[in-house]
Amino acid sequence: MCGIVGVIGKNEAIDSIYPALIALQHRGQDSAGAATFETAFHMKKGNGLVTTVFNPKNLERLRGTMGVGHVRYPTVGPGVAEDAQPFIITTPYGIALAHNGNLVNYFDLRQHLIENELRYLNSNCDAEIILNLLSIELMKIGAKQLEPRKVFSALAKVYERLIGSFAVVCIIAQKGLLAFRDPHGIKPLVYGRNKNGTCCASESVALDLLGCTDVTDVKAGQAIYTDTQGTWSKHQIVTPTKKDKAACIFEYVYFARPDSIIDGIGVYEARLRLGEELGKECRTHGLKPDAVIPVPDTARASAQIVAEVLGVKYREGLIKNRYIHRTFIMPTQQERIEAVRLKLNPIRSEIQNKKILLVDDSIVRGNTSREIIGLLREAGVREVYYASYSPPLRFPCVYGIDMQTKGEFIARNKSIKTIQKYIGADTLVYQTPAGLVRGVGAGDKGFCTACFTGTYPTDIPARLMKRIEADRIRKTSTCS
Ligand code: SF4
């Protein structure tokens, strides 16, 4: 998971990129970067939070009225600085590009670029692959005037090669800002206008902050090109059928900020509905807790509705130290375990001698849930029930969410009773897959639910899946 932003307008682009990246910080804390174009490219990127990477001195240097920015989540490995985005290529035209997603055929494309196109690649990042493919196709056009239709026809050739998820923003020097989304619309991408010009970002919260009024989703398979005069050209590079659409459902469960709207669905509202579905499921299990407590912060909205459905009190029983990063995306098991206690502390008065229903967004490896239940037991809870408002996670995400290998999912080969025992809960309740889709409010919109169901929206040759798994096990660094 990453966050991207692209800006073109009258004012200094970095004045918009920097606050937008802060609004997208939840999408990745591993690295941050921005590239702008004035009469040459300017770039700053590195490992760390947005506020760590940027300072008044380097922000001052990032001049120009067009630019792109990126935040990256911690990778499997240590996260090397070479993989930080954006990437720049100087010919043809000069392009700076930032990407969110993961190319399933990354290794094949990398080999093709090195062996057949004699390209030198400096990172393990698929953004560099997309950038090189785009530059090759634009080079074939070789036109001084880069009309939108030429950009779109070059892009169509790039789409023919890519398998996987990609939401991309790039600036073409002195020409325009290009934003595009994969044919399944797996990763979110929105665009809008403000007084300065055009802005694109992973989530609408970033555009809210920039004062954009007409915020619209880039459709699955669509590209939007904005020239230096601010004229928009839109083109459907690939037209997906209803069946092809597969927006990541986990954005609504966990990743996205609750104040974002993705593909017309408010994330906060989706979480309320997920709470309603989970509440009904808890009722069928006959749960009668004294109070419902969320695992902060993501589960708060759902937990409130679970309490309403069960007709019991909603309480804050775990207080979060907000200066600790989200544990789901910390790189090593040991770090995750220690982070739980660093991050959460129970309010004893709400817990002692009580029957508590804890509501969480998901259970990945089970270690965090186990630690939290341990904390509550130490605080004197009488009974502790655990409910996840997403179904059991069983399959790896190959689209850029580093949920590890198959073997690391606790639900992969274990029954719910065994998981309940492992995490130390008196009862464990999961959302049903149907409840998940109903709760998000799917309607006629298609969603990727592959990490729950194992049904992937794109081709994934077994050979490539094996390679992806092996790569993760080796703990090499990739970025997405
Ligand atoms: S596999 Fe899961 S996390 Fe990955 S894109 Fe699909 S729904 Fe999202």
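For the single chain, residues carry numbers from 1 onward in sequence order. When a ligand or atom number is given, it counts from 1 through the structure's own listing order.
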Worksheet item: Which part of Ile186 is near ligand 1, with near meaning a heavy atom under 4.0 Å away: side chain, backbone, both or neither?
Response: side chain
Item to complete: Output all residues satisfying salt bridge (charged side-chain N to carboxylate O under 4.0 Å, His left out) with Arg193, sequence neighbours left out; order by chain, then residue number.
Response: none
Practice prompt. Describe, in one word, how the ring planes of Phe152 and His235 are oriented to each other, choosing from parallel (under 30°), tilted (30 to 60°) and perpendicular (over 60°).
Written response: parallel
Response to the item:
Here the atoms of ligand 1 under 4.0 Å from any heavy atom belonging to Ile249 are 7 (S)
Worksheet item: So, is Cys248 placed with an N/O/S atom under 2.8 Å from atom 8 (Fe) of ligand 1, counting both backbone and side chain?
Response: yes
Worksheet item: Under 2.8 Å from atom 6 (Fe) of ligand 1, is there an N/O/S atom belonging to Cys451?
Response: no
Worksheet item: In terms of atom number and element, which parts of ligand 1 are under 4.0 angstrom from non-hydrogen atoms of Ala450?
Response: 1 (S)
Worksheet item: Of all the atoms in ligand 1, which lie at a distance below 4.0 Å from a heavy atom belonging to Cys448?
Response: 1 (S), 5 (S), 6 (Fe), 7 (S)
Item to complete: Only counting residues at least two apart or in another chain, list the ones meeting salt bridge (charged side-chain N to carboxylate O under 4.0 Å, His left out) with Asp217.
Response: none
Worksheet item: Is it true that Lys187 and Asp182 make a salt bridge, defined as a side-chain N closer than 4.0 Å to a carboxylate O?
Response: no
Fill in: Polar side chain donor-acceptor pair, Ser123 to Glu128, under 3.5 angstrom
yes
